[in-house]
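Atoms within a ligand are numbered from 1 in the order they appear, just like the ligands themselves.
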Amino acid sequence: MAGTLRLILGDQLSPGISSLSDANKSADTVLMAEVSGEATYVRHHKKKIAFLFAAMRHFAEELAGKGFRVRYTRIADEENDGTLRKEVRRALEEGDFDRVVVTKPGEYRLLKDMQQWESVLGVPVELREDDRFICSVNEFAAWAEDRKSLRMEFFYREMRRKTGLLMDGAEPEGGAWNFDQDNRKSLPKSVTPPPRATSEPDEITCGAIEDVRARFDNHFGDLEPFWYATRRAEAERIFEAFASDILPCFGDYQDAMAVGKPWLWHGVIGLYLNCGLLDPLKVCQRAEQAYRDGRAPLNAVEGFIRQILGWREYVRGLYWLKMPAYRSMNALEADRKLPDFYWTAETDMTCMAEAIGQTRRHAYAHHIQRLMVTGNFALLAGIHPDEINEWYLIVYADAYEWVELPNTHGMAIFADGGIMASKPYAASANYINKMSDYCKSCRYSHTKKTGEGACPFNYLYWDFLARNQERLSSNGRMGLVYKNLEKKDAGELSAMREQAKDFLDSIGAVPRG
Ligand code: FAD
Ligand code: SF4
């Protein structure tokens, strides 16, 4: 009897994935494939590739242990055809299958490719919804329909009502939907971030690390030390350690940054959520439990749940609502090349060196580093969206286009002209100094606006405002900022703009031409 070929992608490592829901273990085969096409279409961080290959291998083992027949192609296998489409074709040629079932991928590029598979492969190909999200693509589209403004905050309230998370009857727990005003503390010297739970690489993970070393050694980033979990039980253990020991302070220092302290009180769970090792709803429910048990305060738990139930679901809905046009938007006509130090971390700007350096080491930076340091710099410098989007997709272990693109394109660089954010997150050194200790050890002065030793974020900030005055000054939320620009001494402004141009040229952030 012919069976069904069930393809599982590298970010679909969930036992409840829709492509397996009606599997017949005695007739069907699960196909998993490590293909160079996916690992290199952008040159992903070495640690990200090793993490995913190791997690895939463990998931294949998990499925085999449950009685599934698994056909697994490793990156090193001689017959490996290098792309998902070709691996599906090879499996169809070598087995007896009358259809292919796959859960829709998280990327528009791959979805478009899969939509052609039925005609090119000559068998029915069923593309199923990815129902691991709390809000479906259709539900988001229905929410967005006829709305003038697609702000996350309103969507988030709907999700709270829908799930009942942190609700007190029809009202939000604690009488407010959002406790962000309590979550903007900088890190006092006397407070030390807690140690993190780590996972020791086992034989399977070490094998994946060696395969990546052999094939992708010229990709960005450090492969080792490697301590991310690659098995579900380990990811759950690490999350549990976070929920019981770290979550209580998540809110307080959510926006803080500090030299040599990459994790602070963040979850460091994006990589597990996005490949299916952790379940977003369960994670939110566990956080709520910590609050109900009196073990974590409301500002921490609400802040944490909002990131997942609000932001994560929202950006996914927005991505599928707006693609493919979204990707090519460039509202601020940014046109410069990405400076080389985004890859090397070699810059005298301590904030950038810290954020990029830890990104190289861990394939991780927390939200404020991504948004207000590397993202803010790209916004102020006018880096072309394609260059900066590709960088973010490459460098983070949790990066997939559905979540990376709206965050970068919409939130960090305002390339979507305000669909996602009501105004650009542009900031001078003042913000970075307020939220971090970076400026203390920097060669630049955060208070100086021009001349030798002035912080580049300062003159780039004013240059950004002046350059985009026509586009942004009518934005109500930018009114005060543009009033300040108008009050600026013309000589000082032109000196800052001159210095901005010289600086950008000197770091290779030149127009793409
Ligand atoms: P925590 O601070 O502990 O938050 C918990 C979880 O909430 C995260 O793991 C994540 O799943 C979710 N979350 C928080 N903020 C967001 C957000 N803005 N959008 C979606 N989910 C969110 N997140 C990714 O998962 N992949 C990306 O490729 C990615 N690229 C980003 C690029 C830019 C320019 C910016 C500004 C943000 C990006 N984010 C991305 C969002 C956020 O920075 C990361 O989810 C977060 O830093 C992951 O670390 P964490 O697990 O410690 O998060
Ligand atoms: Fe960054 Fe400027 Fe502060 Fe240096 S002085 S750390 S460049 S904000």
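Counting heavy atoms closer than 4.0 Å to ligand 1, residue Glu404 contributes atoms from both its backbone and its side chain. When non-hydrogen atoms are compared, ligand 1 lies under 4.0 Å from the side chain of Asn274 (C-beta onward) but not from its backbone. Neither the backbone nor the side chain of Trp263 comes within 4.0 Å of ligand 1, counting heavy atoms alone.
Atoms of ligand 1 found under 4.0 Å from any heavy atom of Tyr364, numbered from 1 in the order shown, are 49 (O), 50 (P), 52 (O). For ligand 2, the atoms lying closer than 4.0 Å to a non-hydrogen atom of Tyr438 are 6 (S). Listed by number with element, the atoms of ligand 2 under 4.0 Å from a non-hydrogen atom of Met349 are 7 (S).
Residue Cys439 does not count as close to atom 1 (Fe) of ligand 2, with no N, O or S atom under 2.8 Å.
With respect to atom 7 (O) of ligand 1, the closest heavy atom belonging to the protein is Gln307 CB, 3.1 Å. If you check which protein heavy atom lies closest to atom 16 (C) of ligand 1, you get Trp311 CB, 3.8 Å. Residue, atom and distance of the protein heavy atom nearest to atom 47 (O) of ligand 1 are His367 N, 3.3 Å. Nearest non-hydrogen protein atom to atom 1 (Fe) of ligand 2 is Cys351 SG, 2.4 Å.
If you look at Trp402 and Phe133, their ring centroids are closer than 6.0 Å. Taking the six-membered ring where the residue is Trp, the centroids of Phe155 and Phe140 are separated by under 6.0 Å. Aromatic rings of His362 and Trp263 (six-membered ring for Trp) have centroids within the 6.0 Å cut-off, being under it. Note: Trp177 and Tyr156 fail the aromatic proximity criterion, with ring centroids not under 6.0 Å apart.
No donor-acceptor contact under 3.5 angstrom links the side chains of Tyr342 and Glu387, judged on distance only. At a cut-off of 3.5 Å, with distance as the only test, no side-chain donor of Glu354 or Thr350 sits close to an acceptor on the other residue. A donor-acceptor contact under 3.5 angstrom links the side chains of Tyr396 and Thr359, judged on distance only.
Considering both main-chain and side-chain atoms, His266 comes within under 3.5 Å of ligand 1 through a nitrogen or oxygen pair. In terms of N/O distances under 3.5 Å, ligand 1 is approached by Gly270. Not one N or O of Tyr392 is nearer than 3.5 Å to an N or O of ligand 1, by distance alone.
Residues Leu52 and Cys275 are in side-chain contact: their nearest non-hydrogen atoms beyond the backbone lie under 4.5 Å apart.
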